[in-house]
Amino acid sequence: MTQQTATTQTCPAVSVCAPDFDPAAVFENGQCFRWERRRDGTWSGIAHGRRLHLRKEGNRLLFLGASPEEVQTIWHHYFDLGRDYAAIRTAFARDKALARAVAFAPGLRLLRQDPWEALCSFILSQNNNIPRIKGIIDRLCAAFGAPLEDGGFAFPLPQALAELDAADLAPVRCGFRAGYVLDAARKVASGEIDLDALAALPLDKARAMLQTIRGVGPKVADCALLFGCGRLDCFPVDVWVRRILTAYYPDGFPEALRPLGGIAQQFLFHYERCHAVRRPQSAPAGGIDR
DNA sequence: TACCAGGGCCTTT
DNA sequence: AAAGGCCATGGT
């Protein structure tokens, strides 16, 4: 990592060379829910109990308001800046569907989110849409997360949620998912489920462990493992990915790409969503329709 | 195997 | 302005 200090108008910022980091692709592909693009092009978000402002300038990523130590110890890991995405894209480019998805968003990367935040967020994501998921998480953090100096809130700890009941979550307006979140919080806070141990467990054991939580099925378990535990071989299958698999991989997903299947899935998911979302309902049925 | 469980965003009319 | 579809699902 090349690191240096740049000077902006008001405050010094750490800058890192990251040519293959596209904030819009990273933050708007559905893997995270707490980043917002501001009018000046800066991205603002909260993770690990800290606010960060981030801006891309040329090939460099500017970390505004973060010390060099924070960048090294927290953000470098969170953004997974040590991973060689150029090599990953090269490997993916040999596959036809993936080549197209990678060419569409070469700056897409997976974040290494906090396991609890990922688990909780994807429990809340079920049968739900992204704008509403963001609103629910905002209200959950504001109600039960530790306040930050700037008026923001950390993601609430499982211990903070474990002692609540469904009525306490009413203001969050997450509907039938309230009981699911509370069950997850209790199992994690009590130590019955050790999220930090999941990364080292065999995949089937880790999945089974997570699925003992009410409201956590195969899809949510894989999302928590992929986005929160760094299990890049996890391949969450939702309605979009199911569509992609049947359309482009009728004989199954290539064995050679399985170890990075989670990253592949994200490229494919992002491409498919960006090309289908604004498609009028009256459009003629194409290859991606059911 | 269907159907049900909040609620609200978004598109269409 | 109003209606209805739809939603990174899982439980029963």
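Below, chains carry the letters A, B, ... as their sequence lines are ordered, and counting in each starts from 1. Values below: all heavy atoms of this structure, side chains included; hydrogens, waters and symmetry mates excluded. Keep in mind the model is a prediction, meaning the values are calculated, not measured.
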H48(A) and F155(A) aromatic centres sub-6.0 Å: no
Touch class at under 4.0 angstrom, heavy-atom based, for I130(A) against every strand present: sugar-phosphate
Any N/O donor-acceptor pair, E272(A) side-chain to dA8(C) base, under 3.5 Å: no
Sugar-phosphate, base or nothing in reach of D222(A), heavy atoms under 4.0 Å: nothing
Side-chain heavy atoms of F227(A) within contact of D114(A), under 4.5 Å: no
Near-parallel close stack of F269(A) and dA8(C) base (under 5.5 Å, under 30°): yes
Rounded distance (Å) that lies between atom C1' of dC7(C) and atom CG of N129(A): 5 Å
Atom-to-atom span, CG of D138(A) to P of dG8(B) - whole angstrom: 14 Å
K134(A) NZ - dA8(C) P separation (whole Å): 12 Å
Sugar-phosphate only, base, or nothing, as touched by F227(A) at under 4.0 Å among non-hydrogen atoms: base
Aromatic centroids of F63(A) and H53(A) separated by under 6.0 Å: no
From dA8(C), dG7(B), dA5(B), nucleotide with atom closest to F122(A) side chain: dA8(C)
Whole-Å distance separating the CZ atom of R242(A) from the P atom of dG10(C): 11 Å
Distance, P atom - from dC4(B) to dG5(C), rounded to whole angstrom: 15 Å
Nearest-angstrom distance, P atom, dA8(C) to dT11(B): 13 Å
Earlier contact from the 5' end, DNA chain B, for Q126(A) and P131(A): Q126(A)
Residue of the set K56(A), R83(A), R109(A) for which salt bridge (Lys or Arg N to Asp or Glu O under 4.0 Å) holds with D20(A): R109(A)
Side-chain N or O of R173(A) closer than 4.0 Å to phosphate OP1/OP2 of dG8(B): yes
Sugar-phosphate only, base, or nothing, as touched by Q211(A) at under 4.0 Å among non-hydrogen atoms: nothing
Integer-rounded Å distance: dG6(B) P and N128(A) CG: 13 Å
Contact under 4.0 Å: R132(A) side-chain N or O vs dC7(C) OP1/OP2: no
Atom-pair distance (CG on N127(A); P on dG7(B)), nearest Å: 13 Å
Minimum-distance nucleotide to R214(A) side chain [options: dT12(C), dG10(C), dA8(C)]: dT12(C)
Sugar-phosphate, base or nothing in reach of G30(A), heavy atoms under 4.0 Å: base
Ring centers of F33(A), F122(A) separated by less than 6.0 Å: yes
Spacing of the P atoms in dG6(B) and dA3(C) (rounded, Å): 22 Å
Atom-to-atom span, CG of L169(A) to P of dG7(B) - whole angstrom: 13 Å
E57(A)/R60(A) ion pair, N-O < 4.0 Å: no
Given DNA chain C, 5'-ward residue of the pair G215(A) and V237(A), judged by closest heavy atom: V237(A)
F176(A) CZ - dC4(B) C1' separation (whole Å): 9 Å
